[in-house]
Amino acid sequence: MKVLVIGGGAREHALCRSLSLDPDVNALYCAPGNAGIAEVAELRPVDALDGAAVARLATELEADLVVVGPEAPLVAGVSDAVRAAGIPVFGPSAEAAQLEGSKAFAKDVMAAADVPTARSYVCTTPEEVDTALDAFGAPYVVKDDGLAAGKGVVVTEDRAAARAHALGCDRVVIEEYLDGPEVSLFAITDGVTVLPLQPAQDFKRALDGDEGPNTGGMGAYSPLPWADPKLVDEVMETVLQPTVDELRHRGTPFSGLLYAGLAITSRGVRVIEFNARFGDPETQVVLARLRTPLAGVLLHAANGTLDTEPPLRWSADAAVTVVIASHNYPETPRTGDPIEGLAEVAAEDGPDAYVLHAGTRREGEAVVSAGGRVLSVTATGSDLAQAREKAYKAVARIRLDGSQHRTDIAAKAAEGR
Ligand code: AMP
Ligand code: GLY
């Protein structure tokens with residue numbers, strides 16, 4: 001099978017790594033990719049937001065499957081363009097990707113499907129904003145309706161700050177605050193059949209102890225030893241299957257990766273958000289534990305034949321990933337700094353620990369930083385403590401001037417807290 005992956009972050013590196021290990025994959029391309037992905041896939045330049053260009057590239061490569069990684073191309077209709085060219089694609093249509101692209105659409109789908117989520121109001125005027133803020137009280141949760149690359153959500157005790165954020169958006173969702181630990185649960189679906197993956201937890205704040213600003217994600221781990229063993233079954237029944245069914249009944253079937261961001265509250269599981277693609281950095285740990293070869297599952301999802309796929313097989317190992325971010329991430333990340341130590345990790349720590357590239361590019365012989373999140377150092381072990389130890393040992397070998405990483409990824413869970 002010839003596979004083309006669209007995107008160029010650590011999630012796409014994790015996807016390409018798994019696909020490169022799949023015996024059914026005999027040609028693997030990534031566009032545009034990055035310096036790390038170049039080691040497992042052939043890179044092609046493309047404007048990932050240009051559906052016609054992606055479809056042309058897929059046709060030229062005679063791809064049997066296109067996998068669209070990030071949300072922006074999905075919302076821009078890249079899957080539709082590839083599908084229209086007659087090539088199977090893993091990733092929802094632009095219409096179905098509104099589940100991530102519009103918070104208001106997601107709320108509407110959840111209400112119709114009886115999926116548990118925070119109570120909310122969609123507001124377009126200052127009067128509606130004031131009414132909603134006062135209805136729920138502090139802490140205030142204010143979400144820009146559109147795609148905002150993780151910057152659209154403000155959670156604050158400060159009413160004035162909540163109001164100011166709301167008035168800066170055209171359309172805003174104001175909702176009830178949800179208490180309790182967060183879990184990310186992904187499912188692969190063809191629009192009818194839903195195959196859940198294993199749950200993971202990510203760390204959104206920049207600094208240890210969940211301090212500092214929100215980021216795209218500073219680390220993740222899986223499995224979750226503290227979670228109820230029935231969590232996956234429960235979320236399948238109350239969230240994933242009803243959402244997939246509702247979208248199909250609306251005539252906008254969702255095929256691809258359905259990402260449920262959940263809060264485990266004292267009153268039960270609630271959906272915080274949906275995404276329409278693999279999450280980053282959770283994908284790095286979830287795929288590290290997946291034993292079923294990936295390409296066939298994604299192709300079945302793309303072709304609408306997922307009902308023929310047996311349940312996914314998982315390693316009993318635990319996985320941890322630690323993100324190394326550039327100087328001044330997330331505010332004004334500095335790029336262009338050389339990265340050293342990659343060869344040492346490969347020589348000393350492999351195959352249980354490896355470096356996935358997020359924002360990197362090659363400059364002559366050197367690999368340099370090219371984004372806010374630069375690397376995602378991933379390791380597996382017999383338990384979380386061992387996976388953590390291996391991941392941090394590899395992190396310590398990497399030299400990147402001014403870089404930062406959290407030192408407490410999976411620490412509490414490894415100690416049984
Ligand atoms: P979202 O983009 O919807 O995932 O929101 C980003 C982050 O804001 C989430 O991961 C949560 O940490 C937080 N958040 C979002 N909605 C709520 C809520 N209703 N209650 C508490 N925290 C929330
Ligand atoms: N891990 C958060 C996200 O991918 O949106």
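Read the numbers this way: they start at 1 and go in the same order the structure lists the ligands and their atoms.
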- Report, as yes or no, whether the 6.0 Å neighbourhood of atom CZ on F136 holds more than 12 heavy atoms from other residues, nucleotides or ligands. yes
- Purely on distance, is any nitrogen or oxygen of D280 under 3.5 Å from one on ligand 2? yes
- Query: Just which atoms of ligand 1 are under 4.0 Å from any heavy atom in K103?
  - Reply: 1 (P), 2 (O), 3 (O)
- salt_bridge(R397, D349) N-O dist < 4.0 Å: yes
- Atoms in ligand 2 flagged as close to D202, the criterion being non-hydrogen separation under 4.0 Å: 1 (N), 2 (C)
- Task: Flag this pair as yes if the NZ/CZ of R406 is under 6.0 angstrom from the six-membered ring centre of F203 and inside a 45 degree cone about the axis; otherwise no.
- Result: no
- Starting from atom 2 (C) of ligand 2, locate the nearest protein heavy atom and write down its residue, its atom name and how far away it is, to 0.1 Å. Y259 OH, 3.2 Å
- Which of these, V173, L178, L262, D202, has its nearest heavy atom closest to atom 18 (C) of ligand 1? L178
- Query: Charged N to carboxylate O under 4.0 angstrom, K143 versus E176?
  - Reply: no
- Query: Atoms of ligand 2 less than 4.0 Å from G279 heavy atoms?
  - Reply: 4 (O)
- Shortest heavy-atom approach to atom 9 (C) of ligand 1 - which of K143, R119, E182: E182
- Can you sort out which atoms of ligand 1 are near K204, meaning under 4.0 Å from one of its heavy atoms? 10 (O)
- Item | Min heavy-atom dist R277 to ligand 2 below 4.0 Å | yes
- Item | Subset of ligand 1 atoms that lie under 4.0 Å from at least one heavy atom of E175 | 16 (N), 17 (C), 18 (C), 19 (N)
- Task: Would you mind reporting whether H300 and D190 have side-chain heavy atoms less than 4.5 Å apart?
- Result: no
- Is any NZ, NE, NH1 or NH2 atom of the basic residue among E246 and R248 found under 4.0 Å from an Asp or Glu carboxylate oxygen of the other? no
- Please determine if E175 and K107 form a salt bridge, counting it only when a charged side-chain N lies under 4.0 Å from a carboxylate O. yes
- Item | Short N-O contact, R159 and D130, less than 4.0 angstrom | yes
- Note on the structure: The atoms of ligand 2 lying under 4.0 Å from a heavy atom of N275, numbered in the order shown, are 5 (O)
- Item | 4.0 Å heavy-atom contact, F278 with ligand 2 | no
Expected list for residues 326-333: side-chain donor-acceptor pairs under 3.5 angstrom, two or more places apart:
{"unit_1": "S326", "atom_1": "OG", "unit_2": "G371", "atom_2": "O", "d": "3.1"}
{"unit_1": "S326", "atom_1": "OG", "unit_2": "G372", "atom_2": "O", "d": "3.1"}
{"unit_1": "Y329", "atom_1": "OH", "unit_2": "G216", "atom_2": "N", "d": "2.9"}

- Message: Any salt bridge linking D245 with R250? Criterion: basic side-chain nitrogen under 4.0 Å from a carboxylate oxygen.
- Response: no
- For R270, is the nearest heavy atom under 4.0 Å from an atom of ligand 1? no
- Can you list the atoms of ligand 1 that are under 4.0 Å from a heavy atom of Y177? 20 (N), 21 (C)
- Task: With heavy atoms of V141 as the reference, note each atom of ligand 1 found under 4.0 Å away.
- Result: 16 (N), 17 (C), 18 (C), 19 (N), 20 (N)
